[in-house]
There are 2 protein chains.
Amino acid sequence: MDKNKNQSKKLNNRARGSHNLGRLIMQLQQLERHPRTFGEAGALTPSEIHTIDAIGLEHGILMSELADRLGVTKGAITQIVTRKKMKELVKRTPHPTDSRAVLVSLTEKGKDAYRAHETLHQHFYQQLRSQLDPKEIEIFERCIEKLNTFLEK
Amino acid sequence: MDKNKNQSKKLNNRARGSHNLGRLIMQLQQLERHPRTFGEAGALTPSEIHTIDAIGLEHGILMSELADRLGVTKGAITQIVTRKKMKELVKRTPHPTDSRAVLVSLTEKGKDAYRAHETLHQHFYQQLRSQLDPKEIEIFERCIEKLNTFLEK
DNA sequence: GTATTTATGTTTAGTTTCTAAACTATTTGT
DNA sequence: ACAAATAGTTTAGAAACTAAACATAAATAC
């Protein structure tokens, strides 16, 4: 009887944990739903800024690698990267040795946008961290890493 | 010199924290991108199952409340709820005292889908928890709650 | 009581973000 | 040399919204 009550309470707590995580995901998703301006690039849609973020400051990455990083199809990448607005931000270069392949990298303007987004991102993350105490931060970040590792399998 | 190196390392660690959280969000998002079957309801898109989840097992909630819960416009709710497939899962009832308003609730079939989704969700969350030790779980969940509280402001 | 403002929900056209599939070249494997 | 696999492109379509316009009804102001 009492045991059943405790069991039931335990289940309800677990349900709440799952629900809270879902809630956090949803709230974070909604924060980035609208076009925003980063650097001198004009308003960029979420997908555009994610693409710029995934390209990064490297020399150039394959279109297929970019698709992998973003978890979308190659076709989606082609569409994003070749649209008019992105032409100023993303440079496409034939691969040096494989003539099927295309390398993408950021223009100077694209790098500005990347850095501006990074700054905003860090600032926001810092706000999140300021809600937690140092021990909590340490453990939270360790948990995030563990969960990421699990999910990548 | 050395101080600058340490400072730089500290910043890089912080950047990694932000990046890891972003990565987790993205991976979780991708896990639920495709239609899935819950209960006897046939394949439901992410948006449909989220709507069912948000309606819950209550007696009936306002369309506008549902829009609030999901963080979308009223128009979006109307479109989701009135589409043919959802007619079997979601019941719409005039509000008892306010003739402008509509209450939405789940049919029996909708409740089946709700429960099936809940079970799957719990199972998945349990898998996540199994990557962490009890102390980590406790702190992680506390952090999630704190962040949720912050984001709701 | 009456006029004005606000609120509920619906409809419509448009944008964003993909997907699958078909296709063209190119590269790799046998 | 030839078949299979791969890189990327193109196209049509689906999902998931948005804003704005609209029709009623309810609340508020006077």
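Keep in mind the model is a prediction, meaning the values are calculated, not measured. Order of the sequence lines sets the chain letters (A, B, ...), proteins ahead of strands, with each chain counted from 1.
Rounding to whole angstrom units, NE2 of residue B:His95 and C1' of C:dA7 are separated by 13 Å. Atom CD in A:Glu32 sits about 10 Å away from atom P in C:dT17, given to the nearest Å. To the nearest angstrom, P of C:dT16 lies 7 Å from CZ of A:Arg83. Put simply, CD1 on A:Ile77 is 13 Å from C1' on C:dT19, counting in whole angstrom units.
The NE2 atom of B:His19 sits 8.0 Å away from the CG atom of A:Asp53 when rounded to the nearest 0.5 Å.
Looking at A:Arg100, its side chain has no donor and acceptor atom pair within 3.5 Å of the base of C:dA25. Under 3.5 Å, the side chain of A:Gln79 and the base of C:dT16 form no donor-acceptor pair of N or O atoms.
Using a 4.0 Å cut-off between a side-chain N of Lys or Arg and a carboxylate O of Asp or Glu, B:Lys111 and B:Glu108 qualify as a salt bridge. A salt bridge is absent between B:Lys109 and B:Asp112: the closest approach of a Lys/Arg side-chain nitrogen to an acidic carboxylate oxygen does not fall below 4.0 angstrom. Using a cutoff of 4.0 Å between basic side-chain nitrogens and carboxylate oxygens, A:Asp133 and A:Lys135 are not scored as salt-bridged.
No side-chain donor from either of A:Glu141 and B:Asn20 sits under 3.5 Å from a side-chain acceptor of the other. Between B:Gln122 and B:Thr119, the side chains place no donor N or O within less than 3.5 Å of an acceptor N or O (distance only, hydrogens not considered). In the model, A:Ser130 has no side-chain atom that pairs as donor or acceptor with a side-chain atom of A:Gln127 under 3.5 Å.
When heavy atoms are screened at a 4.0 angstrom cut-off, A:Thr73 is found touching base atoms of the nucleic acid.
Listed by residue number, the members of residues 57-71 of chain A with any heavy atom below 4.0 angstrom from DNA chain D are A:Leu62, A:Met63, A:Ser64.
Contact annotation: A:Ser47 reaches the phosphate of C:dC18 (side-chain N/O to OP1 or OP2, under 4.0 Å). Distances shorter than 4.0 Å separate none of the side-chain N or O atoms of A:Arg33 from OP1 or OP2 on C:dT15.
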Going by atom type alone, with no hydrogens or angles, which donor-acceptor pairs under 3.5 Å involve a side-chain atom of residues 70-81 of chain A and a protein atom two or more places apart or on another chain?
from: A:Thr73; atom 1: OG1; to: A:Ala76; atom 2: N; distance (Å): 3.2
from: A:Thr78; atom 1: OG1; to: A:Lys74; atom 2: O; distance (Å): 3.3

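The nucleotide range of DNA chain D contacted by chain A, defined by atoms under 4.0 angstrom from heavy atoms of the protein and reported 5' to 3', is D:dT6 to D:dT18.
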